[in-house]
Protein chains: 2
Amino acid sequence: MSIFAGQGDAGRSMALLWAPRARATGSAPGPKPTLSVEAIVEAGIAVADADTLAGLSMRTVAQRLGRSSMALYTYVPGKAELLDLMYDRVHAEMPPARDPDGGWREAVTAWAGELWSLYLRHPWVVQVSYARPVLGPNEQAVLERLVGILYGAGLDAGTLRGTVTALFHFVRGTAQTVAEARLAATATGVSDQEWWAGRSALLGELAPDFAERFPMSARLAGETAAGHGDDSAQEPPGDEAAPYLERQMDRTFTVGLAILLDGVEAAVGREPGP
Amino acid sequence: MSIFAGQGDAGRSMALLWAPRARATGSAPGPKPTLSVEAIVEAGIAVADADTLAGLSMRTVAQRLGRSSMALYTYVPGKAELLDLMYDRVHAEMPPARDPDGGWREAVTAWAGELWSLYLRHPWVVQVSYARPVLGPNEQAVLERLVGILYGAGLDAGTLRGTVTALFHFVRGTAQTVAEARLAATATGVSDQEWWAGRSALLGELAPDFAERFPMSARLAGETAAGHGDDSAQEPPGDEAAPYLERQMDRTFTVGLAILLDGVEAAVGREPGP
DNA sequence: GTTGAACTCCTTATGGCGTAAGGTATCATC
DNA sequence: GATGATACCTTACGCCATAAGGAGTTCAAC
């Protein structure tokens, strides 16, 4: 199960991202194109959604379009650039900024929740490296919305940058955990709960001194199980849509986000706006 | 430039991680092994450090040991499991917990800083997926240290979990940014500053209306450049070890961490110890 | 000693991948 | 009709992980 983080020729990616239809003007020699960058990107997204990034190859994408793999190279420089395009395109699903009725905190919470659910709709997105940003217009818009909210809250540039980074990584990281848990569940047919049970049984065998070597971790595991084990037992058993780990991650997401925003609130209080 | 996040047979990985030397007892038929899991893992780390995860293949690792690729399969089930072992092994470099003289906040700051620099020593580590945790003893120890600090601060299990998640993802995410920036710099021979200059020049051509479409982002870019551009101009020019983006990320790391810890502090204040 | 099992390590082969190279068919223009 | 641009194809190369099976090495048991 190998996963890719693509970085192609940044210049080519940017040109495709920011400058649409180079040959839109009607008449040109040669046969009419029967494909388009857009169609290829959409096919790529469909493949990745269905099959994870490991299943994404030029061949599989082309197959979905009834073409040979080499046909794609007429439209797209290569696989890395295709991935860049897919990545940005998916961010177009993010809802636009709304009027900030409830203050910045509510706005940021909404932003984070919407990004989180976008990542869960397209789990492969969080595997794409975000380190050397080939920022396309759609991801830029997502960022713009957050930056707008935080400037509205009265942060200075330095604090804002730190906040954006922390928020972004937090959402991405937690989403990745859930995404891969889901993936593992569907791929292996083993539910989270079963998987974790098996895992800890194995660990009990291999490292019977675990609780002594790692007392704090053991305590945390115990308190987590105790605190919410009953909780989950009360759950109506028919609903399998939100398995154990997923609900726990949901809680962790909410709690972690609240902590982060408490920290931002402290910063806002310290410097009372422009 | 494709990067892998390995998840092999978790059972096999765990056995190798937690139960060392299955055949340590002296006498067994067959030729003496001239290799060892340990040696292979070390070679793998050396390859990854030098060449990124993209350059890590069974062949390259074997080559470094003067063996054929298939020889490795005697010791290690496959590439995915090897990566699991490499990942955990590297966490052994983390310094152990120290006595918390300066309170939990200082302790967490030290923890985060040390993890951050570990990630920068082995940039490939942050590309390895941490979602389905094949927790080895060394990574467990890193976690144990953090959990111990936070329990000492008086957090309850739920808050603690959220804090750990947020901290972990924050450190990892920021480190990844710097790591890949370095990588791009050495791989292409283009410095961060040059790269960004080229990038924004290209963006100015492709999207001349950027500032209108994304006013907040433009403002942030402007204020960041203004606020610290002079700062960097005052820098002694001889030192190339900490280029522009890296210093900026350092600042972002510090600021973001402070914000996060402010949030934790609020939570600590709310529930005054056990 | 000799044998046979266990073990290490090798060569070879399979089926994937991205994509370079070069061929052919299709079209607008001259 | 010829020209040249374009879309799409087939083929091939050099990677990759790893399955299969063979050759050599070392021990315990006889």
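First the proteins, then the strands, lettered A, B, ... as listed; each starts at 1.
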Within the supplied structure, the quantity of interest is the number of heavy atoms (other residues, nucleotides, ligands) at a distance under 6.0 Å from B:E38 CD; does it exceed 12? no
Heavy-atom protein contacts under 4.0 Å, nucleotides 25-30 of chain C, coded B base, S sugar-phosphate only, - none: -BBSS-
Nearest-0.5 Å distance that lies between atom CZ in B:R145 and atom CD in B:E114: 4.5 Å
With rounding to the nearest 0.5 angstrom, report the CG to CG distance, B:L56 to B:D51. 9.0 Å
Phosphate-side-chain proximity, A:S68 and D:dC8, N/O vs OP1/OP2 below 4.0 Å: no
Nearest to the side chain of A:Y73, which nucleotide is it out of D:dA17, C:dT19, D:dA19? C:dT19
Within the structure shown, what part of the strands sits under 4.0 Å from A:R67 by heavy-atom distance: base, sugar-phosphate, or nothing? sugar-phosphate
Between atom CE in A:M70 and atom C1' in C:dG18, what is the gap in whole Å? 9 Å
I want to check one thing: is the phosphate of C:dC17, taken as OP1 and OP2, less than 4.0 Å away from some side-chain N or O of A:S57? yes
Among residues 35-45 of chain A, which residues get a heavy atom nearer than 4.0 Å to DNA chain C? none
Indicate the atoms forming the closest heavy-atom contact of A:T60 with A:G55, along with that distance. OG1-O, 3.1 Å
Among D:dT18, D:dC8, C:dT8, which is the nearest nucleotide to the side chain of A:T34? D:dC8
Would you check if the side chain of B:E144 reaches a backbone N or O of A:S217 as a donor-acceptor pair within less than 3.5 Å? yes
Which residue, B:M58 or A:Y75, contacts DNA chain D at a nucleotide closer to its 5' end, judged by nearest heavy atom? A:Y75
C:dC9, C:dT19, D:dT18: which one has an atom nearest the side-chain heavy atoms of B:S69? D:dT18
Between C:dG18 atom C1' and A:L53 atom CG, what is the distance in whole Å? 16 Å
Can you name the nearest heavy-atom pair linking A:A175 to A:L120, along with the distance? O-CD2, 3.7 Å
Calculate, to the nearest 0.5 Å, the distance between atoms CD and NE2 belonging to B:E139 and B:H91 respectively. 4.5 Å
Please give, in whole Å, the distance from C:dG18 P to A:E81 CD? 13 Å
Polar pair under 3.5 Å, donor/acceptor by atom type, side chain A:R59, base C:dG16: no
Indicate the atoms forming the closest heavy-atom contact of B:W18 with A:A207, along with that distance. CE3-CB, 3.5 Å
Rounded to whole Å, how long is the line connecting atom NZ of A:K79 with atom C1' of C:dG16? 11 Å
To the nearest 0.5 Å, atom CG of A:N138 lies from atom CG of A:D88 at 4.5 Å
